[in-house]
Each structure stands twice: as structure tokens, then as C-alpha cells.
> 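Can you keep this structure in mind? I'll have questions shortly.
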Amino acid sequence: MASLTTLRNSLRAPVSLHPFLLQNSTPRALYHSYEHDLPPPYRNPEAAILSSALAHVPNHGFTTIALTLGARETGYLDISSNLFPKGAFELVKYHLVTQRLGLKNRLQFPDEGRLGVGRKVRSLILSRLQANVETGVVGRWQEALALMSLAENIPASLRELSALSDEIWFLAGDVSVDSSWYTKRASLAAVYAAAEVYQTTDTSTGFRDTEAFLDRRLEEVRTIGGAVGGTVEWAGFQAGAVVNLMRSKGLRI
Amino acid sequence: MRLSATPGWVCNDCRRSFASSVRAQQQQQPASSQHVRQDEKTTHFGFDTVAENLKASRVAAVFSSVASNYDTMNDLMSLGIHRLWKDHFVRSLNPGIRPTASAQPQGQKILDIAGGTGDIAFRMLDHATNINRDTQTSVIVSDINPEMLGEGRKRFSTSPYQAAGRVSFMEANAEQLDQVESSSIDLYTVAFGIRNFTHKQKALEEAFRVLKPGGVFACLEFAPNLNNLLMNAVYKRWSFGAIPLIGQIVAADRDSYQYLVESIEKFPSQQEFAGMIRQAGFLLPGQGPEDEGVKAGWEDLTMGIAAIHKGVKPA
């Protein structure tokens, strides 16, 4: 009960004294806040080791060797790779997290709003795919896909894919509040995953083939989306008609 | 460690014998005869309470009596699974520096605490030599009990590691490692030993001192409770019912096994212990920056019968 009176007294205090109510130094909200930045996803030692390990990935792949080289370079020991219980998968996850969080810095849209949401989504996906090329991991990305497909890593990988899909829609300006929120993210996740896998086999200059592949997939989503929507509307009309027919026959529904 | 076999008194109606009260009296008598003052600090020795300065000698007595058949004791208590645990412990640590073209071979210095019989030390050296092709890594085997160290010396006497000078033995109390320089050890391991320490936090602080920046503290230890309540009930019946009985039948030493089972019960939970490791200054793997408490800094083995705790000294 003492805590309740303390809380009441603190709430009665002037607004300028409210900061002490925040017990944590970095409050973590469960919603996205425009005012407060999210706390960094990795602690400093881990971020330092992983970022220098990522520089070794083009030569050594997504392996524990890259992790130990990264540890050595940041002033840690070889044995310090025990800081990463999931081993090389943590290197993959670090790349995914940093690229997702860096997407808003890579590509910004001018405020005029002449680009449609669809075009923005396309640009964002291409920017994210370009990030794979720029960090030099695209040559080793098939190893990363293999690591992500291991049973113990699948939940974390799917979470990252859905977070990326959500991030892309958010940055493109999606404001839907109905069930299309879910269908949009699911379809984008599938398109992005397919494009990323295709990119690992792409040998064309400037990854043109990947861009064409992406355009074909987005076109399919539009077509199928339209077809499915039309079918659902048709089925709805048919159901309504059946119900009305039954009522006209005297059935009480 | 074995008490004289006085049966106490036997009830004529129900034929039950009451020996436990006699045991309690006998244990209290030596303590009171040494004039334990009211303000002297006490700690637990299994389910008994003893003065702190006596715990080390009581533990020493337990391990002196089981040193010769320590392996048998472990096999019986864990039905042989301890070998799998120790193998997994060493493999997940991955000791040894893989030789590369650029780096000069330096070898790691491993300190194995309470590792008298050399179980973990042997596995570490095998892993470093055979898997990582590292012939420079060395292990210091440390134990407070000279009989356990004697067992370790015997085991290593015929191995190539002894000849190459990659193993050394040190009799020391983990709470005061004066013989070990600060920041000189790459990997500090303690397997099934820390629950016997009188001051665990002090041992953790000593570990922090002797480790190099970036060095790893790793602890393999029994946990007091399983995660699954039903399995926990079964496990407790096995622990308190079967294990001392097996000790009595096989090794004729019920009390040592009883102490060991009770000491597991008294050990802090995984979450508490991980909190203690963090308090000593270590970074726990698997913790995000926004984690206030300790939620996952350990790995459970076999549904939580044992757990591996790791900590990394910040560089």
C-alpha cells in the first residue's frame, strides 16, 4: 500500500518532476513510437564483434571462422565466440537486423506523394536487395539461407522476414487497418523471399534479371489479388442471394 | 564421513527405529564443542547448517572418501549421462585456436577448477588437439582436495599431454587463487564443483580477476529443479530415494551421496545463478541490451537436470 501512496503523490507532483517515474533508462514500448527511438538491438561488444566478423564473410562465409576473426580484431579472444550461442546464425541475424533497421536511412521518399504505394514498395525491395550486394554477402547468401532453414533457426528467421515485410510496408506509407494488413505483409514476405533466393543465382550485370523477376512477381500479386478479391465478392453475392431466397420461401434466417 | 552405527531407540509398538535424531545430536555436539558463537556466520552443508570455516573441511572429507570411485559415483547418479553432458560442454566451448597462415600459434591457457580427476581437462585437450589441430593449448587442473588431484595425475601419467607439458596440477581454493596471475587465463571451467564452494560469489569474482579480457567463464552444474513439474517430482524421488541407497549398496558410503543430493537441492536456480555471474561483471550470452533481469543466459541439459552457464569478461 505504501507504493500506491507514493505513486499517487508522485502523480500529484508538478509535471517537471515526472521523469523519475520512468524507472528504466531506456523505456521499451510495445508499439512503434515516433518520439522515442528503439534501443539498439545489440549490446556494444556483440555489435562490434559481429560487424567486424561481417567484413570477413565474403572470404570465409557465414561460419564460426568469420566470427573468431571478428573477435580477434575487436580486441577479444578466439574463445569469446562463446558470446554467440547460435554460432554462425547470429552473424546472419545481425546482417538481417542491421539492414532492416537501416532501410529507412538508405531510401527516403520526398514528401510530394506522387509515387504510389506500389512503386514505393518496389523501390524499397530493390534497395534492400542492393544492400546484400553492397555488403558483399550476396555471394555467400546461399550459406545464410541454409543456416536460416535449420529447424532451430526457423522461428527467428520467419520473425525477421515478417519484420522486414512490415518495415517495407510502413516506409511505403501503408495505412490499412483491415484484414488486408495481414494479406499485404504475407504476400510481400513471399515475394521478397523469392527475389532474394533468385538473386543468389543471378549473374547478369547490375542484377537486372533480379529486377525483372521482382516485377513479374509483383504483377502476379496484383493479378491474383484482383482475381481472389473478385471471387470473394462473387461468393458473397451468391451467399446473400441464397439467404434471401430461403427467406422468401418462409425460412426464418 | 561415516558415522558410527548407533541405531538410537526402537519403538516397541511400531518397530520403527529413530536414528535421525541421534545423527542430529551427534552433528550438533562437534559443532557446539568447538564453541560456535551466535554471531559467527553459517552456511549450508547439504541440509545441515555448519559454520562457514568448517564447510571446506567437511566437503574435503566427502571427496576424499569418494575420490577412488568418483567415476562410478557419477555413472550411478546420472545413469551415465554425465559423459554426454561433459562432451557437449567441451564441444560447445570449442577450445583450441585453429591454425591459420597469418597467426602464430600461441595456444590457449585453460584453468579447470574443481577438476581433480581430469575429466574435463582431458576432453579439452583432446578437442583442441584433434578437432582444432592446436598443440599449444595447455590446461591447469586445480582442486582443493589432494586425493582428487592424485586421481587426475594418475589418469594423465600415461597420456601424451603430460609428456608435452600441456597439463599441470595445482592445489588451490577457488575463492583465493593467489598462484594464478590476473588476466592470464583464456578459459575458466568448473564442472560439478561450484555447488561445494562456501562462497560462490567470491569464486566468481576470482574467476573474473584471473580471466583475460574476452575470456570465458563456463560452469556445468546440476540445477535444483526441473522445468516440468511432473518430471521434477519423479526426479526428486530418484534423487532422494534411490541415489543414497545406491551409494550405500555399491560404495558403502550413504552419507556422501546424501550430502551430494542435498547440495544440489540447495544450489541457486539457473536464473539466480546467472544473476550472480552477471553481478561478478561478466557478459551473459543471449542477452539483449534492454533485458533488465536475467531471462536466458544458460543452457538446460536433459530437461533441466543440469545447466551450462557461460559468461564473457568484457574487453
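Numbers restart at 1 for each chain; the letters A, B, ... are given by sequence-line order, proteins then strands.
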> Do any of residues 111-143 of chain B have a heavy atom less than 4.5 Å from a heavy atom of chain A, and if so, which, in residue order?
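Expected list: none.
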
> Other residues, nucleotides and ligands only: do more than 12 of their heavy atoms fall within 6.0 Å of CD on A:E152?
yes

> Using a heavy-atom cutoff of under 4.5 Å, enumerate the residues of residues 175-201 of chain A that contact chain B, numbered in order, or state 'none'.
none

> How many angstroms lie between CD1 in A:I79 and NZ in B:K313, if you round to the nearest 0.5 Å?
15.0 Å

> How about A:N59: does its CG atom have over 12 heavy atoms from other parts shown lying under 6.0 Å from it?
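Yes - once you tally the heavy atoms of other residues, nucleotides and ligands closer than 6.0 Å, there are more than 12.
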
> Could you check whether any side-chain heavy atom of A:S81 comes within less than 4.5 Å of a side-chain heavy atom of B:N94, counting everything from C-beta outward?
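A:S81 vs B:N94: side chains apart.
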
> Of all heavy-atom pairs between B:L284 and A:R43, which one has the smallest distance, and what is that distance?
O-NH2, 2.6 Å

> Can you name the residues of residues 205-222 of chain B that have some heavy atom under 4.5 Å away from a heavy atom in chain A?
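Listed by number, the contacting residues are B:K212, B:P213, B:G214, B:G215, B:V216.
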
> What distance do B:R98 atom CZ and A:D78 atom CG have between them, rounded to the nearest 0.5 Å?
10.5 Å

> Output the residues of residues 82-97 of chain A for which the shortest heavy-atom distance to chain B is under 4.5 Å, in residue-number order; output 'none' if no such residue exists.
A:N82, A:L83, A:P85

> Would you mind reporting whether B:I97 and A:R72 have side-chain heavy atoms less than 4.5 Å apart?
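Of all side-chain heavy-atom pairs linking B:I97 with A:R72, at least one is under 4.5 Å.
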
> Contact part of B:L187 toward chain A, heavy-atom cut-off under 4.5 Å: side chain, backbone, both or neither?
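The side chain, not the backbone.
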
